2 protein chains.
Amino acid sequence: MDPSCSCELCELKGLFIETLDDDHLDIICSAKIEKEFNTGEVILKEGMQIQDFVYLKSGLVKLYRSDSGGKEQIITIAKPFDYVSLLSVFSNNTYNYSVTALEDSVTCNIKMSEVKKLVLENGKLALNLLRQMSLVADQIILDSLEIRKKHLRGRVAFLLIYFSQDIYQSSEFDLPLTRKEMAEYVGMTTENVIRTLSEFRRDGILKIYGKTIQVANMDTLKSIAEFG
Amino acid sequence: MDPSCSCELCELKGLFIETLDDDHLDIICSAKIEKEFNTGEVILKEGMQIQDFVYLKSGLVKLYRSDSGGKEQIITIAKPFDYVSLLSVFSNNTYNYSVTALEDSVTCNIKMSEVKKLVLENGKLALNLLRQMSLVADQIILDSLEIRKKHLRGRVAFLLIYFSQDIYQSSEFDLPLTRKEMAEYVGMTTENVIRTLSEFRRDGILKIYGKTIQVANMDTLKSIAEFG
DNA sequence: GTCATGTTATGATAATTATCATATCGTTAT
DNA sequence: ATAACGATATGATAATTATCATAACATGAC
């Protein structure tokens, strides 16, 4: 096996690679290209030809769409293990969303032609991809239904809980989104995101130091996310 | 080949079956069960164990979630060729949504264990499923983003255009949804759906005879869907 | 440093949407 | 037939949210 290949050490091995035998692993290893992106750099652009299967090795990214007026809607925030180029990849020729790094990130890119070849040859990999796609798509759809039925306070609470619990596993964290991006994610205006955060601060639910957020009262935050 | 099997005649053959050779087709054919549902009958229920891969052979169905308060949110309307049990099916043990027939419908059910076995053996089928899942999930996500950014009039217009063009290919059709279901689909109240329809009628955009809708001015309807 | 620009912040107001009340119409059950 | 119920319909009002205006603050460009 190619000694320069580090796939067998990659923490994503379990998802994508455990189903591959050594021969196939070697193919992936020599075919893959790692790319590094700084915070704010664009990884994929809406309309671009889909050439690679891209997954996130480390970092944090946002998937979003831009409309003709330049306004953006964030579809989801993806951390490693959430595939990045999952949507569209098997059905479309071009991306119908863009991806930008929210933190310094590393992606691993494999030509779609290689992935398709492997799927044809390796049923376990195929099942794994089906499972993963199903999971990711489901989560995006359910989250968007959840967000839709909440009022503004509930939406902001939902987003904060998501970052605190799912992304950073800590009650204090540096929010990698601007207030504007928060608004684009949960479907409200920037002003109202800011106002809602201020309310939460006044109510003693949050402590806010610029982008650093400390959740002082998670129980209340959760009840706001759930009921109002 | 089993002479009672009609799969090779099924119009869904192209999607699910063209990738199968005769042996595999025979397996599917003898394993599949067709089920008929009348309008209003429940096909799948949220929380139920997932046992079968279910796809819609004819008819029209809604996929939806119910919250604790009994309120429902419609995720999507599916016609034949849109797989019904696609979401969750490869990643979950239970459905996280329900499915009900909006018109008399026929489903074709195949045990998931059979489908998984076939995926393991048949790479073309796997790729076909990946493509189809990708397509369906993408469409649901994009539609929900579209709906989210519109005002009430735009949402109702979007829904009417969808039924007129995508489902019935006619400017006059019987809407298979109640006003309440329309509201559950586009995220607004029943009263406001009714009010908006009345507005459209007053503006000469629609003619409404109960559930029968005639789009009198598609251009205006489209510009409302697009701009407001 | 200072300028320009974008982000955060807050208030006043306007627009949008939901809620509540009430009435009519249709359908189904008895 | 008629009672009961849900769906459709409309208006008045309340609640929610967006828009507009303004200002403080931070950040990077020069």
Side-chain angles (χ1 to χ4, degrees), chain A residues 38-41 62 67 69-74 100 102 147-160 174-203 206-214 224-225 227-228, chain B residues 38-40 62 67 69-74 100 102 147-160 174-203 206-213 224-225 227-228:
Chain A
N38 295 322
T39 302
E41 280 191 293
K62 62 170 177 176
D67 69 8
K71 287 188 182 171
E72 295 180 355
Q73 290 181 291
I74 293 181
T100 291
L102 295 172
I147 288 170
R148 186 171 90 177
K149 68 179 175 192
K150 293 182 198 311
H151 286 176
L152 300 193
R153 287 166 61 88
R155 292 182 191 183
V156 174
F158 175 90
L159 187 152
L160 293 172
D174 281 2
L175 201 53
L177 302 177
T178 64
R179 309 294 194 252
K180 181 156 168 283
E181 286 172 318
M182 294 176 70
E184 287 165 352
Y185 186 34
V186 297
M188 50 194 280
T189 57
T190 307
E191 294 95 319
N192 279 333
V193 167
I194 292 169
R195 254 187 280 272
T196 306
L197 287 172
S198 298
E199 270 178 49
F200 287 172
R201 178 169 35 69
R202 275 195 288 277
D203 295 347
L206 299 180
K207 292 182 178 167
I208 304 176
Y209 320 94
K211 287 215 177 308
T212 303
I213 304 274
Q214 187 192 334
I224 290 171
F227 306 112
Chain B
N38 295 324
T39 301
K62 61 171 176 174
D67 70 8
K71 286 188 181 169
E72 295 179 356
Q73 290 181 291
I74 293 182
T100 291
L102 294 173
I147 289 170
R148 188 170 88 177
K149 68 180 175 192
K150 292 181 198 312
H151 285 175
L152 300 193
R153 287 166 62 89
R155 293 182 190 181
V156 174
F158 174 91
L159 187 152
L160 292 172
D174 282 3
L175 201 54
L177 302 177
T178 64
R179 308 295 193 251
K180 182 157 167 282
E181 286 172 318
M182 294 177 71
E184 288 165 353
Y185 186 34
V186 296
M188 49 193 281
T189 57
T190 307
E191 293 96 321
N192 280 332
V193 167
I194 292 168
R195 254 187 280 270
T196 305
L197 287 172
S198 298
E199 271 178 49
F200 288 171
R201 177 171 35 71
R202 273 195 290 276
D203 296 347
L206 299 179
K207 292 184 178 166
I208 304 176
Y209 320 95
K211 289 217 177 303
T212 303
I213 304 274
I224 290 171
F227 306 112

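Treat the numbers as computed from the prediction; the structure is a model and nothing was measured. Lettering of chains follows the sequences in order, A, B, ..., and the numbering in each one begins at 1. Heavy-atom basis, side chains included; hydrogens, waters and symmetry copies ignored.
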Output yes when at least one side-chain N/O atom of [X] is less than 4.0 Å from OP1 or OP2 of [N], else no.
| X | N | value |
| --- | --- | --- |
| B/Lys180 | D/dT8 | no |
| B/Lys211 | D/dA7 | no |
| A/Arg201 | C/dT10 | yes |
| A/Asn192 | D/dT17 | no |

Sidechain-backbone polar pair: [X] side chain, [Y] backbone, donor-acceptor under 3.5 Å:
| X | Y | result |
| --- | --- | --- |
| B/Arg155 | B/Gly187 | yes |
| A/Asn38 | A/Glu41 | no |
| B/Lys62 | B/Ile74 | no |

When the distance from [atom1] of [X] to [atom2] of [N] is rounded to whole Å, what number comes out?
| X | N | atom1 | atom2 | answer |
| --- | --- | --- | --- | --- |
| B/Arg179 | C/dG26 | CZ | P | 13 Å |
| A/Glu199 | C/dA9 | CD | C1' | 13 Å |
| A/Ile194 | C/dG11 | CD1 | C1' | 13 Å |
| B/Leu197 | D/dT8 | CG | P | 9 Å |
| A/Met182 | C/dT7 | CE | P | 14 Å |
| A/Arg148 | D/dT17 | CZ | P | 15 Å |
| A/Ile208 | C/dA9 | CD1 | C1' | 11 Å |

**Item:** Heavy-atom pair with the smallest gap, counting every atom of A/Met182 and A/Leu160
**Value:** CE-CD2, 4.4 Å
**Message:** Ignoring hydrogens, what is the shortest heavy-atom contact between A/Asn192 and A/Thr196? Give both atom names and the distance.
**Reply:** O-OG1, 2.6 Å
**Item:** Base versus backbone protein contacts along nucleotides 20-30 of chain D [heavy-atom cut-off under 4.0 Å; B, S, -]
**Value:** B----------
**Prompt:** Got a sec: does the NZ of A/Lys207 have more than 12 other heavy atoms crowding it under 6.0 Å?
**Reply:** no
**Item:** Inter-residue atom distance B/Arg179.CZ - B/Lys211.NZ, 0.5 Å rounding
**Value:** 5.5 Å
**Asked** Can you tell me how far CZ of B/Arg195 sits from CZ of B/Phe200, rounded to the nearest 0.5 angstrom?
**Response** 14.0 Å
**Message:** Classify B/Ser198 by what it touches in the nucleic acid, base, sugar-phosphate, or nothing, heavy-atom distance under 4.0 Å.
**Reply:** sugar-phosphate
**Message:** Evaluate B/Val193 against B/Leu197 for side chain to side chain contact (heavy atoms under 4.5 Å, CB included), listing each step before the verdict.
**Reply:** CA-CA 6 Å; B/Val193 167; B/Leu197 287 172; 4.1 Å; yes
**Prompt:** Which of residues 149-156 of chain A have a heavy atom under 4.0 Å from DNA chain D?
**Reply:** A/His151, A/Leu152
